[in-house]
Engineer: 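One structure, pasted below without further comment.
Quantities reported herein were computed from a predicted structural model and do not represent experimental measurements.
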Amino acid sequence: MTETTAHPAMTLTIAGSEATGGAGAQADLKTFQELGTFGMVALTCIVSFNPEDNWNHRFVPVETQVIADQLGAIFGNYGPESLDAVKLGMMGSPATISTVATAVSARSPKHLVLDPVLICKGQEPGHAQDTDNALKAELLPLATFVTPNHFETEQLSGMKVETLEDLQAAAAEIHRISGAAVLAKGGIRLAGTDAVDVFVDAEGMEVLTAPKIGEHAVSGAGCTLAAAVTSELAKGASPLDAARSAKAFVTAGIHQRVAGNTSFDALWQGGLRR
């Protein structure tokens, strides 16, 4: 007879593929593994940089029926008692958002972490705006935790963010609108020597800081942060503790970033090993 053992915490990312490994589903799965959870992915789109066009994005959506099939397989295989931590990343189109929202609403996971990717450089502006509106209308109300970057914080809150006080006010506004815990990322965008993020939930607010590393953003930091939050929540952490751990994880990954031929480096999810 085979002895049964408790399975690891289970995590799912619904996100796009980024072939070079710096961001997207690739970054999410590496984060899940590093943090000791069993990771799954449902792909929403394929994004590839074009080395012959200044590394701009090439964007190809996955058919909505294929997305629904992936989610049907995952949710059919693992019940809510084992898989209750889901991360939403790059969606790419209103149709994809509706497909994902339908599947997630039927499942109602305990933890739904939204990384609100609002603009993809490979999309036409009008289509991108439609996608942004659909995300705000259909996915934001479902989220239990939201991790907007500086630009996304401004867009979701409708507020200009230039100072720490602005970031705090904007994070509080997103929490008010959504009801979700919010980890709003100031990162390197705000003046000062520290990369500053703001956490807000129903219990209160906390400013998270770490010394800035370099002067440029790295690929995958936002994806990795949200995936780390998802992993920590899956393992039973509180939202605030998940935010603290995720920030430390990302900071270590930026220290151990990987350089290639692009103008930007990629975060390495194994940063805490050193």
Side-chain angles (χ1 to χ4, degrees), residues 13-15 28 85-92 94 97-98 100-101 104-105 108-120 128-192 194-210 217 221-233 237-247 250:
T13 179
I14 307 173
D28 294 343
V86 178
K87 181 215 160 179
L88 304 181
M90 177 78 182
M91 296 288 116
I97 287 170
S98 293
V100 171
V104 169
S105 295
S108 297
K110 179 179 179 182
H111 304 292
L112 184 63
V113 180
L114 174 62
D115 183 12
V117 183
L118 293 180
I119 295 293
C120 174
Q129 188 62 55
D130 291 341
T131 301
D132 294 353
N133 291 337
L135 184 146
K136 295 172 189 176
E138 299 184 54
L139 295 182
L140 184 60
L142 301 176
T144 63
F145 201 120
V146 188
T147 62
N149 64 20
H150 180 268
F151 170 77
E152 293 154 358
T153 295
E154 291 188 328
Q155 294 300 304
L156 293 178
S157 67
M159 304 169 69
K160 189 71 174 175
V161 175
E162 296 179 339
T163 66
L164 172 58
E165 291 74 22
D166 293 342
L167 186 63
Q168 291 173 300
E173 176 65 7
I174 297 170
H175 171 64
R176 185 192 69 79
I177 293 169
S178 65
V182 177
L183 180 56
K185 297 168 284 184
I188 64 169
R189 306 297 180 190
L190 301 184
D194 286 339
V196 180
D197 305 325
V198 172
F199 173 84
V200 181
D201 70 357
E203 304 300 317
M205 176 183 292
E206 181 166 318
V207 177
L208 307 179
T209 65
C223 303
T224 299
L225 185 79
V229 167
T230 306
S231 292
E232 295 303 319
L233 292 173
S238 69
L240 176 55
D241 285 341
R244 290 168 174 163
S245 297
K247 172 117 174 141
V250 168

Engineer: Please check: side-chain N/O of D194 versus main-chain N/O of V196, any donor-acceptor pairing under 3.5 Å?
Structural biologist: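 No: the side chain of D194 does not pair with the backbone of V196.
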
Engineer: Residues two or more places apart in sequence or in another chain: which of them pass salt bridge (charged side-chain N to carboxylate O under 4.0 Å, His left out) with E206?
Structural biologist: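 Expected list: R244.
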
Engineer: Which residue in the set L156, I177, I97, T131 passes side-chain contact (heavy atoms from CB on, under 4.5 Å) when paired with K136?
Structural biologist: L156

Engineer: Got a donor-acceptor contact below 3.5 angstrom from the D166 side chain to the E162 backbone?
Structural biologist: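 Pair found, side chain donor or acceptor close to backbone of E162.
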
Engineer: Looking at every heavy atom in both P109 and V104, which two are closest together, and how far apart are they?
Structural biologist: CD-O, 3.6 Å

Engineer: NZ of K110 to CG of L112: how many Å apart, nearest 0.5 Å?
Structural biologist: 14.0 Å

Engineer: Which residues satisfy the salt bridge (charged side-chain N to carboxylate O under 4.0 Å, His left out) test with R176, sequence neighbours excluded?
Structural biologist: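 By the salt bridge (charged side-chain N to carboxylate O under 4.0 Å, His left out) rule, R176 matches E173.
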
Engineer: Enter the distance from T144:OG1 to L233:CG here, rounded to the nearest 0.5 Å.
Structural biologist: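 One gets 6.5 Å once the value is rounded to the nearest 0.5 Å.
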
Engineer: Please tabulate, one pair per line, all N/O donor-acceptor pairs under 3.5 Å involving side-chain atoms of residues 180-188, not counting sequence neighbours.
Structural biologist:
unit_1: K185; atom_1: NZ; unit_2: T147; atom_2: O; d: 3.2

Engineer: Within a strict 4.5 Å, meaning less than it, do heavy atoms of the T13 and T230 side chains meet?
Structural biologist: no

Engineer: Is a donor on one side and an acceptor on the other found under 3.5 Å between the side chain of E232 and the backbone of V229?
Structural biologist: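 Side chain of E232 to backbone of V229: no pair is present.
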
Engineer: Which heavy atom of A171 sits nearest a heavy atom of V198, and at what distance?
Structural biologist: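 Smallest interatomic distance, heavy atoms only, reads CB-CG1, 3.9 Å.
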
Engineer: For V161, is there any backbone N or O sitting under 3.5 Å from a side-chain donor or acceptor partner on H150?
Structural biologist: yes

Engineer: Name all pairs fulfilling the salt bridge (Lys or Arg N to Asp or Glu O under 4.0 Å) condition that reach into residues 137-150, sequence neighbours left out, sorted by first residue then second.
Structural biologist: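 For residues 137-150: none.
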
Engineer: How long is the span from the CG atom in D201 to the NE2 atom in H175, to the nearest 0.5 Å?
Structural biologist: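 Between atom CG of D201 and atom NE2 of H175 there are 6.5 Å.
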
Engineer: Check this for me: does any side-chain nitrogen of one of K87 and D28 sit under 4.0 Å from a carboxylate oxygen of the other?
Structural biologist: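 Salt bridge flag = yes for D28 with K87.
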
Engineer: Show, in sequence, the C-alpha distance, side-chain angles and deciding distance for V207 and T209, and conclude whether the side-chain contact (heavy atoms from CB on, under 4.5 Å) test is met.
Structural biologist: CA-CA 7 Å; V207 177; T209 65; 3.9 Å; yes

Engineer: What I'd like to find out is whether the side chain of V100 reaches to under 4.5 Å of the side chain of L88, using heavy atoms alone.
Structural biologist: yes

Engineer: What pair of heavy atoms forms the shortest contact from A170 to M159, and how long is it?
Structural biologist: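 Where A170 meets M159 most closely, the heavy atoms are CA-SD, 3.7 Å.
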
Engineer: Not counting sequence neighbours, which residues clear salt bridge (charged side-chain N to carboxylate O under 4.0 Å, His left out) with K247? List them please.
Structural biologist: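 In terms of salt bridge (charged side-chain N to carboxylate O under 4.0 Å, His left out), with neighbours along the sequence ignored, K247 is linked to D197.
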
Engineer: Can you name the side-chain hydrogen bond (donor to acceptor under 3.5 Å, both in side chains) partners of T224, sequence neighbours left out?
Structural biologist: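 Here the qualifying residues are Q269.
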
Engineer: Give, for atom CD1 of I14 and atom CE of M90, the distance between the pair rounded to the nearest 0.5 Å.
Structural biologist: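 Reported to 0.5 Å precision, the distance equals 14.5 Å.
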
Engineer: Looking at side-chain heavy atoms only, is the closest gap between L114 and F145 below 4.5 Å?
Structural biologist: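 Counting from C-beta outward, L114 and F145 never come under 4.5 Å.
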
Engineer: Spell out, as yes or no, whether a donor-acceptor pair under 3.5 Å connects the side chain of S108 to the backbone of S105.
Structural biologist: yes

Engineer: Closest approach of A172 and V200, non-hydrogen atoms and distance?
Structural biologist: N-CG2, 4.1 Å

Engineer: Rounded to the nearest 0.5 Å, how far apart are OG1 of T153 and CZ of R189?
Structural biologist: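 The OG1 atom of T153 sits 11.5 Å away from the CZ atom of R189.
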
